[in-house]
Amino acid sequence: QVQLVESGGGLVQAGGSLNLSCAASGRTFSRYTVGWFRQALGRERDFVAGISWVLGRIYYADSVKGRFTISRDNAKTAVYLQMNSLKPEDTAVYYCAAQTGASTSFRISEYDYWGQGTQVTVSS
């Protein structure tokens with residue numbers, strides 16, 4: 001069982017940065033693949049970035065490549081999403097999610113545990 005809590009969202013101007021955190025409970029968090037997803041108002045929840053627990057493989061959605069960086073600190077049982085050069089279209093509720101699979105998945109259905117989300121708003 002894993003519980004996830006996101007933090008770090010807020011209001012920022014276009015071009016600014018935010019660093020989201022996903023704090024996890026559970027001693028075996030290092031063996032969970034973690035993904036960040038986002039859901040804009042009226043839209044579906046989409047994959048943003050993910051990091052697997054096997055080999056630490058990282059994947060990004062094309063829309064955030066070069067701007068967002070995902071990392072994890074297993075000692076602190078946390079995963080981070082550093083977001084730079086933010087755009088108004090990045091505005092959404094951001095969720096972290098965890099699953100025991102060895103590989104990062106883009107599919108929401110693959111993830112067993114979800115946080116409550118944190119709002120990111122980017123003004124133009």
Side-chain angles (χ1 to χ4, degrees):
Q1 188 81 13
V2 173
Q3 292 184 326
L4 305 172
V5 179
E6 303 96 335
S7 61
L11 174 64
V12 64
Q13 289 187 332
S17 298
L18 285 173
N19 189 26
L20 304 185
S21 298
C22 175
S25 64
R27 292 175 294 175
T28 59
F29 182 66
S30 60
R31 299 182 69 122
Y32 283 81
T33 289
V34 178
W36 283 97
F37 292 77
R38 66 186 180 186
Q39 187 168 17
L41 192 63
R43 302 189 66 176
E44 294 184 348
R45 193 171 298 187
D46 293 325
F47 174 83
V48 175
I51 183 167
S52 68
W53 70 266
V54 176
L55 302 179
R57 289 180 173 160
I58 291 174
Y59 297 92
Y60 296 100
D62 288 342
S63 59
V64 305
K65 280 181 182 176
R67 300 189 298 123
F68 291 12
T69 302
I70 188 172
S71 61
R72 71 188 301 162
D73 184 337
N74 289 329
K76 295 183 178 179
T77 61
V79 173
Y80 307 98
L81 186 67
Q82 176 66 42
M83 306 187 297
N84 299 327
S85 302
L86 283 162
K87 305 175 181 179
E89 51 263 44
D90 294 318
T91 294
V93 178
Y94 283 70
Y95 300 89
C96 69
Q99 49 127 333
T100 56
S103 301
T104 300
S105 173
F106 308 121
R107 290 187 289 271
I108 294 172
S109 60
E110 299 278 346
Y111 290 82
D112 302 305
Y113 305 101
W114 291 83
Q116 83 290 348
T118 185
Q119 176 71 47
V120 171
T121 304
V122 185
S123 63
S124 56

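Here, residue 1 is the first one in the sequence, and each next residue gets the next number. Fair warning: this is a prediction, and the values are worked out from it, not measured in the lab.
M83 approaches V120 most closely through the heavy-atom pair CE-CG2, 3.8 Å. For the pair V12 and L18, the tightest heavy-atom approach, listed with the atom from each and the gap, is CG1-CD1, 4.0 Å. The heavy-atom pair separating I51 from G56 by the smallest distance is CG1-O, 3.9 Å. Nearest heavy-atom pair, S52 versus A102, reported as atom, atom and distance to 0.1 Å: CB-O, 3.2 Å.
Residues in residues 28-117 take part in these disulfide (SG to SG under 2.5 Å) pairs, two or more places apart or across chains: C22-C96. Residues in residues 43-76 take part in no disulfide (SG to SG under 2.5 Å) pair, two or more places apart or across chains. A ring-ring contact (aromatic ring centres under 6.0 Å, His included) check over residues 80-112, counting only residues at least two apart or in different chains, returns the pairs F37-Y111, F47-F106. Residue pairs that meet the disulfide (SG to SG under 2.5 Å) test with at least one member in residues 33-67, sequence neighbours left out, do not exist here. Sorted pairs that involve residues 56-91 and meet disulfide (SG to SG under 2.5 Å), not counting sequence neighbours, are lacking altogether. Residue pairs satisfying the salt bridge (charged side-chain N to carboxylate O under 4.0 Å, His left out) criterion with at least one member in residues 91-102, sequence neighbours excluded, are absent.
Two residues are said to be in side-chain contact when any heavy atoms from C-beta on lie closer than 4.5 Å; W114 and R45 meet this criterion. Residues L4 and F29 meet the side-chain proximity criterion, which asks for heavy atoms closer than 4.5 Å. Put simply, the side chain of R31 does not reach to within 4.5 Å of the side chain of T100, judged on heavy atoms. For the pair E6/L20, no side-chain contact is recorded, criterion being any heavy-atom separation below 4.5 Å from C-beta on. For the pair V64 and R38, the minimum side-chain heavy-atom distance is below 4.5 Å.
Between the CD atom of Q13 and the OG atom of S124 there is a distance of 9.5 Å, given to the nearest 0.5 Å. Here CD of E44 is found 8.5 Å from CD of Q39. Values are rounded to the nearest 0.5 Å. For the atom pair CH2 (W36) and OG1 (T118), the distance works out to 7.5 Å, reported to the nearest 0.5 Å. Remark: D73 CG to S30 OG distance equals 11.0 Å, nearest 0.5 Å. Taken to the nearest 0.5 Å, the OG1 atom of T104 stands 10.5 Å off from the OH atom of Y60. Note that CD of Q119 and CG of L11 are 9.5 Å apart. Values are rounded to the nearest 0.5 Å.
Transitive grouping of hydrophobic side chains (ILVMFWY, heavy atoms separated by less than 4.5 Å) keeps V54 and I58 in distinct clusters. By the rule that hydrophobic residues join a cluster once side-chain heavy atoms approach within less than 4.5 Å of another member, Y113 and V48 end up as members of one cluster. Hydrophobic clustering of Ile, Leu, Val, Met, Phe, Trp and Tyr side chains at less than 4.5 Å, counting indirect connections, unites V93 with I108.
Looking at residues two or more places apart in sequence or on another chain, you find no ring-ring contact (aromatic ring centres under 6.0 Å, His included) involving W53. Among residues two or more places apart in sequence or in another chain, the salt bridge (Lys or Arg N to Asp or Glu O under 4.0 Å) test is passed with E89 by none. Residues meeting the ring-ring contact (aromatic ring centres under 6.0 Å, His included) test with Y59, sequence neighbours left out: none. Under the salt bridge (Lys or Arg N to Asp or Glu O under 4.0 Å) criterion, R67 pairs with D90, not counting sequence neighbours. With sequence neighbours excluded, the residues that form a side chain to side chain donor-acceptor pair (under 3.5 Å) with S17 are N84. A search for salt bridge (Lys or Arg N to Asp or Glu O under 4.0 Å) contacts involving R107 returns E110, not counting sequence neighbours.
Remark: the backbone N or O of V122 is paired with a side-chain donor or acceptor of T91 at under 3.5 angstrom. Remark: side-chain polar atoms of T33 are paired, donor with acceptor, to backbone N or O of G101 under 3.5 angstrom.
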